Amino acid sequence: MTANDPSPNHLQLTRDGQLRHFLTLDGLDRELLTDILDTADSFIEVGERRIKKVPLLRGRTVVNLFFESSTRTRSTFELAAKRLSADVLNLDISTSSTSKGESLSDTLLNLEAMASDMFVVRHSQSGAQHFIAESVTPGVAIINAGDGRHAHPTQAMLDMLTIRQHKGGFEGLKVAIVGDILHSRVARSQIRALNELGAAEVRAIAPATLLPTDVESLGCTVEYDMARGMKDLDVVMMLRLQKERMEGALLPSEREFYRLYGLNQEKLALAKPDCIVMHPGPINRGVEIESAVADGPQSVILNQVTNGIAIRMAVMSMAMSGQTAERQQKLSDTGEAAQ
Ligand code: CP
C-alpha cells in the first residue's frame, strides 16, 4: 500500500494490515471482515453480563460527532464506547460553534486539542471522514458512522453479523436489497460486504428511478418486479425512502411505491419459508414495510440494533489497537522507547 493506492487502505490500514481508521469496506478483504465479525461475536457476551464493561479503551476519549440525525448509530456507538470503558463526549452539533460558521477542520482541531483518541463521525458529505482521516493527528482513529450516499460500514457489518447468526454463513445465500438504493449508503456497503463474504447472489429490487445507473457494477443483479425478485430469497433487506436526499419527483406517490415495492405478508410468502427480514431503520410502516412483517416472526430488525453494539465495540477496539501498534512501530523505528 502506498499513498497513491486507489483504495483507501493506505489510510485505514497499518503497514501490517491492521485497522487504524474505519472509513469504508472498499478494499477490506474477507479475512479482515471475518475478523471483525468474530471479534464482535466475542463482545456479545459482554452485553449479557450484569456489569457490561471491559477495560479495552480505559483512559481513552471517544468523541461522537453527528452532523446528521441518528437514533440507532449514535446510541450504539455511545454504548459500545462505554462498554469498552472509554470516556465519551457527544458533541451536540445544533448548539456547537458549527452554527457560528466554524469549519469541520477547525472543529476537529479544537477537539483534538482536548486529547481525544477517536472520532465517530456522521456527515452529509460523501468523503468527509476520508478528508478528516487524511489530516488527523497520528494516533487518533476516525470511524465512519455514515457519509452522504457513500458508505455506512458499521451498519453493513452489523447486518452481516445478524445474517451469520441466522444463516450460519454466507455461502449459497440469495439476498435482496429493496427500495431506495440510489440514495443509500447502507446498500453500497451491504453489497460490498455480501460479495466479499461470498453470498451467491445480491439482488437489487427497485424502480429504475431509485437505482444508480451503474448499480450492476457494484456487484448485484437487478430486478424491477418485486414478485419475481422475492423468489428463492434467504434474506430480504428493506430500505427507507430517503426523501431528504431526493431531488425532483422520483416516484408517482408513496402509495404506489408501497403497492409495488412495499414488503407485506403476501410478497414475503414468495421467498423461502425461512427468509429473514431486515431493515437498517428508521422504518416507515406502510411506506416500505407492513407492520405485520416488521413485527412478525421472520423479522430480525431489532436483532440488528442489538448487534450494532458488539460490531461497534469490535471496530473501535480494533482501530485503537491498530493505532497503538503503529505508534509503537514508529517509536521502535526511530529507536525511542515505546510508552
Ligand atoms: N441505521 C441507521 O443508521 O439508523 P440511524 O439513522 O438512527 O442511526
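First listed ligand is number 1; within each ligand, the first listed atom is number 1. Everything quoted here is computed from the prediction, not taken from an experiment.
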Which residue and atom name correspond to the protein heavy atom nearest [atom], and how close is it?
atom: atom 7 (O) of ligand 1; result: Thr71 N, 2.8 Å
atom: atom 4 (O) of ligand 1; result: Arg72 NE, 3.1 Å
atom: atom 2 (C) of ligand 1; result: Thr73 OG1, 3.4 Å
atom: atom 6 (O) of ligand 1; result: Arg122 NH1, 2.9 Å
atom: atom 1 (N) of ligand 1; result: Pro280 O, 2.8 Å

Does any N or O in the side chain of Arg83 come within less than 3.5 Å of the main-chain N or O of Val54, such that one atom is a donor and the other an acceptor? no
Side chain of Asp147, backbone of His150: donor and acceptor closer than 3.5 Å? no
For ligand 1, which atoms have a heavy atom of Gln155 less than 4.0 angstrom away? 1 (N), 2 (C)
Those atoms of ligand 1 less than 4.0 Å from some heavy atom in Gly281: 1 (N), 2 (C), 4 (O)
Compute whether any side-chain donor of one residue and acceptor of the other, for Asn90 and Glu78, lie under 3.5 angstrom apart. yes
When you look at CZ of Arg255, are more than 12 heavy atoms from neighbouring residues, nucleotides or ligands closer to it than 6.0 Å? no
Over 12 foreign heavy atoms within 6.0 Å of CD, Gln329: yes
Can you label the angle between the His10 ring and the His130 ring as parallel, tilted or perpendicular, going by 30° and 60°? perpendicular
Does His152 reach ligand 1, in the sense of a heavy atom lying below 4.0 Å from it? yes
Can you figure out which of Gly146, Ser70, Ser69, Ser75 has its heavy atom closest to atom 5 (P) of ligand 1? Ser70
Under a 4.5 Å cut-off applied to non-hydrogen side-chain atoms, are Leu197 and Arg30 in contact? yes
